[in-house]
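Worksheet for the structure shown next.
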Amino acid sequence: MTYIALEEAFIIPELAARRPRTPPLIRVGDRYAEQCLRRLGDIEEHRLPDMDAHGIDIQVLSLSVPGIQADPDAPAAVDNARFANDFLARTIARHPTRFRGFAALRLQDPAAAVTELERCVRQLGFRGALVNDHTHGRYLDDPAYDELWSALEELQVPLYLHPGSLPYDDWHVLRGRPEMYGASWSWQAETGGHAMRLIYAGVFDRHPTATLILGHLGEFLPFQRSRIDSRYRTLQVEAPLRRMPSQYIGSNILITTSGVLAPDAVQAAVLTIGADAVMFAVDYPYEETAEAVASIEKADLPPRTKEKIAHLNARRVLGI
């Protein structure tokens with residue numbers, strides 16, 4: 001089976017050196033941290049052999065968390081986004097059949113983000129953009145980002161909404177329980193909540209051809225569709241949506257399998273939002289490629305559906 005993996009991270013040590021150091025927010029074991037750090041900054045020694053060993057034809061690379069949104073001010077973000085995207089373009093140029101790219105955007109300055117997106121897609125050949133949740137507390141339903149949504153429609157590329165922005169406020173449910181912060185629980189809830197803001201704000205009514213991608217099997221949302229709709233029917237809303245909220249999930253909002261390495265969960269996602277809305281991802285190097293591939297291979301799904309998830313949907317959505 002051919003595989004295109006959509007949520008595959010890299011870092012640039014030189015970029016990290018340009019930023020103020022911040023204490024780590026997630027406590028992981030030393031061995032795991034060392035392994036991730038070694039693989040994040042590598043292409044030839046670890047990444048390509050891992051892809052070859054498990055049948056990954058293409059990785060779509062994106063700057064690892066917290067990305068450009070960690071920059072404290074707009075001028076620094078402008079410089080760092082261009083630096084990161086040029087670095088990624090050179091990496092892809094060395095291995096043009098194996099890698100594609102998602103642009104990093106400086107959302108601190110929405111107009112500059114549009115300019116950089118257009119440059120990355122039209123000049124560098126990137127297949128969309130990936131951003132990490134909110135930007136210093138500002139979400140993508142802010143009217144300032146309408147120009148960005150219009151640009152995504154015009155360029156016909158998706159926006160991948162990934163967790164991992166630096167915390168902006170104090171979420172009491174996490175207090176005293178650091179185990180809950182990050183990919184173990186809070187990132188899914190935060191990013192799924194961000195996507196719900198976009199739905200309820202009418203972003204996809206104003207931009208009906210815009211595509212948002214959520215990782216981790218949709219950050220809880222696909223499995224809450226019926227409840228979202230039943231509760232929406234009970235609400236008094238200022239600006240009613242053109243469709244029921246669940247109908248944006250699986251049409252404007254697509255999902256990947258990143259980080260959820262369970263065949264039964266993949267099957268459930270397909271049953272919930274349809275085979276055309278699910279795409280493969282590993283979440284390399286934070287997850288193991290072998291387990292990600294096995295989650296598709298062992299799923300009780302028709303061969304054609306597996307092909308769609310493994311690569312056909314990505315080819316359609318990203319124009320590969």
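Position 1 is the first residue of the sequence, and the numbers go up from there.
Note on L221: it does not cluster hydrophobically with L271, by side-chain heavy-atom contacts below 4.5 Å among ILVMFWY residues.
When the options D229, D205, N252 are evaluated for a side-chain hydrogen bond (donor to acceptor under 3.5 Å, both in side chains) with R243, the one that passes is N252. Only one option out of E34, E45, E288 pairs with R39 in a salt bridge (Lys or Arg N to Asp or Glu O under 4.0 Å); it is E288. Partner of R197 under the salt bridge (Lys or Arg N to Asp or Glu O under 4.0 Å) criterion, out of D142, D141, D133: D141 alone.
Proximity of R106 to N80: side-chain heavy atoms (C-beta onward) are nowhere separated by under 4.5 Å. Looking only at side-chain heavy atoms (C-beta outward), W171 and Y181 stay at 4.5 Å or farther from each other. Counting heavy atoms from C-beta outward, F99 and R47 have side chains that approach closer than 4.5 Å. You'll find the side chain of L152 stays beyond 4.5 Å of the side chain of H207, heavy atoms only. Using a 4.5 Å heavy-atom threshold, the side chains of Y139 and Y145 count as separate. R316 is not listed as a side-chain neighbour of K308, based on a closest heavy-atom distance of 4.5 Å or more. Side-chain atoms of I253 and L198, non-hydrogen and from C-beta on, never get closer than 4.5 Å to each other. Using a 4.5 Å cut-off on side-chain heavy atoms (C-beta onward), I249 and I199 make contact.
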Could you go through the salt bridge (Lys or Arg N to Asp or Glu O under 4.0 Å) check for E307 and R304 one step at a time?
CA-CA 5 Å; E307 289 279 355; R304 180 63 176 178; over 6 Å; no
As a quick check of understanding, evaluate salt bridge (Lys or Arg N to Asp or Glu O under 4.0 Å) for E154 and R122, giving each step before the final call.
CA-CA 11 Å; E154 181 182 350; R122 290 178 171 150; 3.2 Å; yes
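More than 12 heavy atoms of other residues, nucleotides or ligands lie within 6.0 Å of CZ in F223, so this atom counts as buried by the packing criterion. More than 12 heavy atoms of other residues, nucleotides or ligands sit less than 6.0 Å from atom CZ of R94. Within 6.0 Å of the CG atom in D170, the count of heavy atoms belonging to other residues, nucleotides or ligands exceeds 12.
A distance of 7.5 Å separates CG in L63 from CG in N132, rounded to the nearest 0.5 Å. One distance of note links CE of M196 with NE2 of H194; it measures 12.5 Å at 0.5 Å rounding. Here the CD1-OG distance, from I68 to S165, works out to 12.0 Å after rounding to the nearest 0.5 Å. Taken from CG in L88 to CZ in R90, the straight-line distance is 10.0 Å, to the nearest 0.5 Å.
Every salt bridge (charged side-chain N to carboxylate O under 4.0 Å, His left out) that R177 has, sequence neighbours left out, goes to E179. Residues passing the salt bridge (charged side-chain N to carboxylate O under 4.0 Å, His left out) test with D57, sequence neighbours excluded: none. Residues forming a side chain to side chain contact (heavy atoms under 4.5 Å, CB included) with L37 (at least two apart in sequence, or on another chain): I11.
Across all their heavy atoms, T2 and A310 have their closest contact at O-CB, 3.2 Å. When all heavy atoms of E8 and V282 are compared, the closest pair comes out as OE2-N, 2.9 Å. The shortest heavy-atom contact between A144 and P110 is O-CB, 3.4 Å. Among all heavy-atom pairs drawn from P163 and H216, the shortest one is CD-CE1, 3.7 Å. Taking every heavy atom of both residues into account, L107 and V131 meet most closely at CD1-CG1, 3.7 Å. When all heavy atoms are compared, the tightest approach of P245 to I228 is CB-CG2, 3.5 Å.
The ring pair (Phe, Tyr, Trp, His ring centres under 6.0 Å) analysis of residues 32-68, with sequence neighbours excluded, yields no pairs.
Alongside L318, the hydrophobic cluster contains I4, L6, I58, V60, F102, L130, Y160, I213, L254, M279, V317, I320 (criterion: ILVMFWY side chains under 4.5 Å).
Between Y168 and H134, the ring planes lie perpendicular to each other; the angle is over 60°, past the 30° to 60° tilted range. A parallel orientation is assigned to the rings of F10 and F87, their planes being inclined by less than 30° (bins at 30° and 60°).
Using a 3.5 Å distance cut-off with no hydrogens or angles, the side chains of Q69 and T135 do pair a donor with an acceptor. E116 and N85 share a donor-acceptor pair across their side chains, judged by distance under 3.5 Å alone. At a cut-off of 3.5 Å, with distance as the only test, a side-chain donor of Y286 or S64 sits close to an acceptor on the other residue.
Judged by distance alone, with hydrogens and angles left aside, the side-chain atoms of Q108 form a donor-acceptor pair with the main-chain N or O of D71 at under 3.5 Å. No donor-acceptor pair under 3.5 Å is formed between the side chain of H162 and the backbone N or O of P66. Remark: the backbone N or O of T272 is paired with a side-chain donor or acceptor of R225 at under 3.5 angstrom.
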Side-chain donor-acceptor distances from residues 292-300 under 3.5 Å, at least two apart:
| residue | atom | partner | partner atom | Å |
| --- | --- | --- | --- | --- |
| S295 | OG | A292 | O | 2.6 |
| E297 | OE2 | Y3 | OH | 2.7 |

